[in-house]
Amino acid sequence: MDTRTLPTLPGIVTKLNSLADNEKTSIQEMARLVSSDQVLSARILRLANSPSYGFYRVATISNAMILLGVDVVKSLVLSSSIFEIMEQSALGLWEHSLGAGVAANIIAKRLSLPDCEEIATAALLHDIGKVIIRLKLQDEYDVLLAKTATSGCTLHELEREMIGTDHAEVGGWLGKNWFLPEKLVVPITFHHNVAGASCHQVKTAVVHLADVLIKASGFGFSGDPFVPALQPVAWNILGMNEPLLAEIVEELEEKLVDAKNFSLEIQSTDEAKT
Ligand SMILES: [Fe+2]
Ligand SMILES: [Fe+2]
């Protein structure tokens with residue numbers, strides 16, 4: 001796929017990046033820039049308060065920046081633009097992504113990993129490539145999606161076969177194109193092939209496990225009905241064990257009730273707007 005035809009980075013993210021590159025820029029200045037876009041601010045605050053970030057109850061963009069960090073807010077700006085498309089065109093995928101964010105946050109916290117919020121962001125964005133492929137190859141992708149039900153192959157296997165790339169690779173390309181940090185790009189690119197990640201393996205393993213768990217839970221719809229096997233390499237990297245996994249699954253089941261309510265709330269506010 002020609003990366004030149006990928007959607008361009010929202011202008012505000014470019015501005016935010018150049019502000020963030022300047023050491024003299026204060027958080028308040030960056031917050032002011034984001035706050036100047038009302039719709040975007042509202043979406044970021046909704047995302048920052050979503051179950052995938054553990055319900056922080058942040059009320060302002062500058063608080064979100066202090067609490068979650070500039071990098072997380074930058075990726076929230078991106079996620080919110082992408083999710084705008086996702087919510088409208090593929091509700092199942094939006095819920096799958098939100099659920100994966102929730103799962104990744106639980107796993108990262110249980111393992112006491114640093115950067116829990118960024119891992120949740122990587123999980124939120126892990127299937128972003130599907131949105132892009134769909135935008136670019138609408139009819140072809142619909143045929144492909146219809147085939148997953150009967151082919152017995154996973155979606156990414158079918159993508160490889162039919163379009164010569166897959167959503168993980170496309171998502172990674174997009175991330176690089178948008179100059180997202182490697183700690184987001186690597187887990188997105190390798191969430192179906194943890195062993196392929198040459199760095200950020202722990203984050204990649206968390207996103208992979210989160211994807212498997214959320215598919216197993218039946219929450220949302222990622223495009224195919226199959227629950228992929230958990231890759232042993234991910235299990236080893238995380239030092240996972242059965243009792244810990246059982247605790248994670250139990251917590252996930254509880255949090256998904258909140259996630260469902262959050263998703264319904266967003267849909268109803270979006271409907272009210274239109
Ligand atoms: Fe995927
Ligand atoms: Fe997924």
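Indexing begins at 1, ligand by ligand and atom by atom, following the structure's order.
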Check side-chain hydrogen bond (donor to acceptor under 3.5 Å, both in side chains) between K109 and all other residues, then give those that pass, not counting sequence neighbours. N105
Determine whether a donor-acceptor pair (N or O, by modelled atom type, separation under 3.5 Å) exists between the side chain of K215 and the backbone of F226. yes
Main-chain N/O of A259 paired to S263 side chain as donor or acceptor, under 3.5 Å: no
Answer with yes or no after comparing the ring centroid distance for H126 and H192 against a 6.0 Å cut-off, counting only values under it. no
S41 side chain vs V34 backbone, donor-acceptor pair below 3.5 Å: yes
Donor-acceptor pair, side chain of K130 and main chain of S222, under 3.5 angstrom: yes
Excluding water, the protein N, O or S atoms sitting under 2.8 Å from the Fe ion (ligand 2) are H96 NE2, H126 NE2, D127 OD2, D211 OD1
